[in-house]
Amino acid sequence: MVEIRLTNTKTRRKEGFTPLDPSNVRLYLCGPTVYDRAHLGNARPVLVFDVLVGLLRHVYGADQVTYVRNFTDVDDKINAEAQRRKGLGSPLSLEDLISERTEETIGWYHADMDALGAARPDFEPRATQYIPQMITMIETLIARGNAYAKAGHVLFRVRSFDDYGKLSGRSVDDMIAGARVEVAPFKEDPMDFVLWKPSDDDLPGWDSPWGRGRPGWHIECSAMSAELLGDSFDIHGGGIDLQFPHHENEVAQSCCAHPHAGFANVWLHNEMLQVEGKKMSKSLGNFFTVRDLLDQGVPGEVIRFVMLSTHYRKPMDWTDVKRAEAEAVLRRWRGLTAGIEPAATPAPAVIAALADDLNTAGAIAALHELAGQGDGAGLLAGARMLGLLTDDLGGWAEAGDEAGALIEALLAARTDARKARDFARADAIRDGFATAGVEVKDTVAGAEWSLATGFDLARLKALVAEVGS
RNA sequence: GGUGGGUUGGCGGAGAGGUUACGCACCGGAUUGCAAAUCCGUGAAGACCGGUUCGAUUCCGGUACCCACCUCCA
């Protein structure tokens with residue numbers, strides 16, 4: 001069996017992966033807070049996990065893997081958006097406005113991630129569906145002395161967990177020395193964090209032993225992972241920015257509530273995304289969503305390729321040069337594999353690269369070599385391990401019937417012109433193709449064509465009118 | 001201030017203590033009516049300073065620069 005090696009944030013080392021139960025390998029990925037369109041950075045962990053889950057299913061069996069990714073639908077940003085709509089005069093109740101907002105955002109999220117070829121997880125739990133489990137867990141933490149209720153809040157007692165800070169490599173004292181912690185009068189210690197907080201009448205809330213309120217951010221993942229995957233499971237992931245405080249707090253909650261379980265065995269964190277060398281931010285004006293890119297005509301498959309061409313533990317720089325290069329490579333590979341069935345088994349080099357801490361860039365290099373050897377079947381099987389060259393993602397590279405017919409007619413006209421040694425006419429057609437975004441390759445077997453970036457059907461029609469056919 | 005990560009050829013981007021990464025671009029050749037595409041081939045690297053070693057871009061230490069997190073941002 002292939003040995004999978006993963007860099008575990010918990011140990012800061014690359015380790016061989018051994019599932020707790022090979023017949024049910026369990027993963028949890030922190031999903032989005034559903035208040036707005038997913039930005040490009042949101043797509044990175046989704047794609048990393050998509051490849052990881054694919055690899056695990058390849059190694060352990062398609063039905064032997066359980067993948068959970070949550071939706072955070074309790075959040076002040078969602079509340080703020082609902083209140084804004086209410087302020088604009090919406091007749092709906094605040095509760096309905098919140099529900100409307102989260103439903104619409106989840107719909108967008110699904111559509112956008114589908115467009116990148118990311119398979120849906122086995123479970124997509126929502127925080128609002130697990131409030132009772134969260135309350136139970138909080139009660140356990142209070143009973144065990146790890147949490148305390150005060151002023152309508154419930155706080156986690158950080159000093160009660162010796163390993164607090166271990167995952168992110170910090171000490172409580174150092175963090176307090178940094179003096180950037182929120183000091184609240186009801187906290188025993190400045191680092192204590194909220195498990196439950198009170199809600200005003202104009203905010204969503206649930207009845208609890210501590211009054212009407214809502215959960216803090218971190219408790220949902222502890223409660224939902226325990227419910228769906230058990231107190232111990234294999235892999236937990238997310239962006240590196242979640243390492244602290246979110247994941248540190250999850251560890252504290254889960255390990256204290258289930259002291260005999262290990263919570264997540266392996267922690268995987270992906271580095272952040274940059275745009276043209278700079279951090280993506282609204283203030284720099286380089287902030288965009290997955291949908292923005294799709295609407296600009298960047299195919300989902302191209303986004304996926306660019307994302308996977310950098311190792312997940314390194315910052316990924318989105319640039320237009322990479323976009324163009326990815327597009328060209330995918331066009332070439334699609335041409336090479338057209339009408340070919342994938343090999344029965346993915347090439348060992350591709351699997352070996354992925355098994356080595358998800359080295360997707362290395363896997364792509366292996367695909368280049370297969371392409372160079374003209375091994376279309378091997379290329380196709382390998383690419384599909386990365387979720388590339390699938391039928392679902394291929395629409396962008398195909399011409400419609402109308403365009404295809406026009407191109408065939410023009411190619412025939414060009415062949416005739418060349419036979420008649422009317423090179424001026426032949427060259428005019430050739431140049432016209434280039435202008436319209438059609439790439440023509442003359443081979444010994446005849447002319448082959450494919451669409452290039454910036455294909456323009458209108459220009460193609462103009463070309464027909466110009467030179468006749 | 002604390003913590004973690006990074007610095008590879010023109011560009012992107014991996015691995016490995018000693019043998020070509022790979023892709024794009026470039027250059028030479030083949031091919032072509034001229035091109036494009038394709039094929040063959042050449043060249044080009046590891047921030048800086050030390051150390052370990054027969055040998056380091058790869059390990060260790062330091063310096064510089066960059067980035068991220070410490071703020072319910074993936």
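- By the 4.5 Å heavy-atom criterion applied to side chains, A/Ile142 and A/Leu195 are not counted as neighbours.
- With P as the reference atom, B/A45 and B/U20 are 14 Å apart, rounded to whole Å.
- For the pair A/Arg170 and A/Phe244, the distance from NZ or CZ to the six-membered ring centre is under 6.0 Å and the angle to the ring normal is within 45 degrees.
- Heavy atoms only, all atoms of each residue included: A/Tyr148 and A/Phe186 are closest at CE1-O, 3.7 Å.
- In this structure, the side chains of A/Tyr164 and A/Asn249 come closer than 4.5 Å at one or more pairs of heavy atoms.
- Across B/U3 and B/C59, the matching P atoms stand 22 Å from one another, rounded to whole Å.
- Ion pairing between A/Glu327 and A/Arg323 holds under the 4.0 Å rule for side-chain N and carboxylate O.
- The interatomic distance linking A/Met280 (CE) with B/A68 (C1') rounds to 15 Å, in whole Å.
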Could you write out each protein N or O paired with an N or O of nucleotides 59-62 of chain B at a distance under 3.5 Å?
none

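- Using a 4.0 Å cut-off between charged nitrogen and carboxylate oxygen, A/Asp442 and A/Arg418 count as a salt-bridge pair.
- Summarising the geometry, the separation between NZ on A/Lys166 and P on B/G4 is reported as 15 Å, rounded to the nearest angstrom.
- Each of B/G4, B/A68, B/G2 was ranked by its minimum atom distance to the side chain of A/Arg12; first place goes to B/G4.
- For A/Asp114 and A/Arg120, the salt-bridge test passes: some basic side-chain N is under 4.0 Å from an acidic carboxylate O.
- Residue whose closest nucleotide on RNA chain B sits further toward the 5' end, between A/Gln243 and A/Ile240: A/Gln243.
- Residues forming a salt bridge (charged side-chain N to carboxylate O under 4.0 Å, His left out) with A/Asp431 (at least two apart in sequence, or on another chain): none.
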Under the rule of Watson-Crick or G-U wobble with both distances under 3.5 Å, where | means paired to another strand and [ ] a crossing pair, RNA chain B maps to (((((((..(((.....[...)))..((((.......)))).....(((((..]....))))))))))))....
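- Under the salt bridge (charged side-chain N to carboxylate O under 4.0 Å, His left out) criterion, A/Glu369 pairs with no residue, sequence neighbours left out.
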With sugar-phosphate taken as primed atoms, P, OP1 and OP2 and all else as base, the protein-contact string of nucleotides 12-27 of chain B at under 4.0 Å (heavy atoms; B, S, -) is SSSS-----BSBS---
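- Going from atom CZ of A/Arg313 over to atom C1' of B/G4 covers 10 Å, rounded to whole Å.
- Residues satisfying the ring-ring contact (aromatic ring centres under 6.0 Å, His included) test with A/Tyr109, not counting sequence neighbours, are A/Phe71.
- The nearest whole Å value for the distance from the CZ atom in A/Arg170 to the C1' atom in B/U71 is 12 Å.
- Looking at A/His269, its side chain has no donor and acceptor atom pair within 3.5 Å of the base of B/A74.
- Comparing the C1' positions of B/G15 and B/A56 gives an interatomic distance of 15 Å, to the nearest angstrom.
- Between A/Asp75 and A/Val321, the residue anchored closer to the 5' end of RNA chain B is A/Val321, taking for each the nucleotide with the nearest heavy atom.
- Within 4.0 Å (heavy atoms only), A/Ser168 reaches sugar-phosphate atoms of the nucleic acid but no base atom.
- Put simply, CH2 on A/Trp449 is 18 Å from P on B/U38, counting in whole angstrom units.
- Residues satisfying the salt bridge (charged side-chain N to carboxylate O under 4.0 Å, His left out) test with A/Arg26, not counting sequence neighbours, are none.
- Looking at every heavy atom in both residues, A/Pro45 comes nearest to A/Leu29 through O-CD2, 3.8 Å.
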What protein N or O atoms touch nucleotides 44-47 of chain B N or O atoms at under 3.5 angstrom, if any, and at what distances?
none

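- Spacing of P atoms, B/G46 relative to B/G5, comes out at 25 Å, to the nearest Å.
- Qualifying ring-ring contact (aromatic ring centres under 6.0 Å, His included) partners for A/Trp217, counting only residues two or more places apart in sequence or in other chains: A/His246.
- Nucleotides B/C24 and B/A37, compared at atom P, are 11 Å apart to the nearest Å.
- The gap from the P atom of B/G13 to that of B/G17 amounts to 23 Å, rounded to the nearest Å.
- The aromatic ring centroids of A/Phe233 and A/Phe263 lie less than 6.0 Å from each other.
- Taking the side chain to side chain contact (heavy atoms under 4.5 Å, CB included) definition, one finds that A/Asp202 meets it with A/Gln83, A/Asp200, sequence neighbours left out.
- A/Gly169 comes within contact range of the sugar-phosphate backbone alone, with a heavy-atom separation under 4.0 Å but no base atom that close.
- Contacts of A/Lys14 classified as side chain to side chain contact (heavy atoms under 4.5 Å, CB included), with partners at least two apart in sequence or in another chain: A/Arg5, A/Thr7, A/Asp356, A/Asp357.
- What separates OH of A/Tyr35 from P of B/C73 is a distance of 7 Å, to the nearest Å.
- Taking the syn range as angles within 90° of 0, the glycosidic angle of B/G46 is syn.
- Nucleic acid contact class of A/Arg44 (heavy atoms, under 4.0 Å, all strands): none.
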Report, one pair per line, the protein and nucleotides 28-36 of chain B atoms (nitrogen or oxygen only) whose separation is under 3.5 Å.
residue	atom	partner	partner atom	Å
B/G33	N1	A/Asp427	OD1	2.9
B/G33	N2	A/Asp427	OD2	2.9
B/C34	O2	A/Arg430	NH1	2.9
B/C34	N3	A/Arg430	NH1	2.6
B/A35	N6	A/Asp442	OD2	2.7
B/A35	N1	A/Asp442	OD2	3.1
B/A36	N1	A/Asp442	N	3.3
B/A36	N1	A/Asp442	O	3.3

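- Looking at A/Asp75 and A/Arg101, no side-chain N of the basic residue comes within less than 4.0 Å of a carboxylate O on the acidic one, giving no salt bridge.
- Separating the C1' atom of B/A64 from that of B/A47 is a span of 8 Å, rounded to the nearest Å.
- Rounded to whole Å, the C1' atom of B/C39 lies 48 Å from the corresponding atom of B/G51.
- We find that CD1 of A/Ile78 is positioned 11 Å from P of B/C73, with the value rounded to whole Å.
- Between A/Arg331 and A/Glu439, every side-chain heavy-atom pair lies at or beyond the 4.5 Å cut-off.
- Residue contacts for A/Asn270: at a heavy-atom cut-off of 4.0 Å it reaches a base atom on one of the strands shown.
- Remark: P of B/C70 and CG of A/Asn249 are 12 Å apart, rounded to the nearest angstrom.
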